[in-house]
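Here's the structure, in structure tokens; my notes come after.
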Amino acid sequence: MAQLGELVAAISNGKVEIIDLTNKLTENTPSMTLPDPFPSPAPFVLEEIAAYDERGPVWRANDIHISEHTGTHLDAPIHWITGRDGRDVSETPLPRLIGPAVVVDFTAEAAANPDFVATPDHFKEWQTEHGDFPQNGWVLVRTGWSVHSQNAERFVNADSEGAHTPGFTPECARWLAEETHISGVGVETMGLDAGLGHAMEPGMPMHYYLLGNDKYGITSLQNLDRLPVTGAVIVVAPLPIVGGTGSPARVLALVEHG
Ligand code: MN
């Protein structure tokens, strides 16, 4: 009781700031296009069904159309074949959804090379400076990619070879999944894996290893530049879709000042 009271007081007096890490949902929010013959996830569409008119004299309402995997969203273990016997998104243990976050910054690397992929050594160097990743925490990978998050073409950055967006080597994905005690990894890009991750072995290694090890992924994060390297707490709020392989999620960070 005392601790929650202190938290509420700190939020109201500004000592704890709440930062929204969620990409706004609009018809410009990028959504994934899979190659033939695979069906692509639905983009976000807002469909007005009443607007203080004959359809609703004193109310306004919309239906929303969206994939589990559009916009800022959580990937649950059953999204990938390696996690097929794991949890759906409604079964995510709640303590996994609120936890400490650390920020690992690859902005310079991604600006120099959109195909930049992080290796275990990148993270081990970070740990040498800042300490181990927190138990049950989230590793948020900052690449600056969210500046493109309302421009699908730039966000996907594709040419005839495929999409060019930053990610992780297979060895790195395996290390994060098997050698750390984190809840999951958050990224700024549309998917957890590098744009060219399908060509790696195994294909889409972050999906393969993280989701296969009961860890979670969050994509399309933004405002990571406003977080401290360590010390923030994030709150991840996916919808409890029964059988869901993921869900759009509001992701908030609590950051303490002074
Ligand atoms: Mn997804």
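All residue numbers refer to positions in the sequence shown, counting from 1. Atoms within each ligand, like the ligands themselves, are counted from 1 in listed order.
Using cut-offs of 30° and 60° for the angle between ring planes, the Phe116 and Phe106 rings count as tilted. Ring orientation note: the planes of Phe133 and Phe123 are nearly perpendicular, at an angle over 60° on the 30°/60° scale.
If you take CD1 on Ile49 and CZ on Arg55, they are separated by 8.0 Å, rounding to the nearest 0.5 Å.
Under a cut-off of 6.0 angstrom, the local environment of OH in Tyr209 is crowded, with over 12 non-hydrogen atoms contributed by other residues, nucleotides or ligands. The number of heavy-atom neighbours closer than 6.0 Å to CD of Glu47, taken from other residues, nucleotides and ligands shown, is above 12.
Within the protein, the number of N/O/S atoms found under 2.8 Å from the Mn ion (ligand 1) is 3.
Geometric assessment of Arg154 against the ring of Trp145 yields a positive cation-pi assignment under the 6.0 Å and 45° thresholds.
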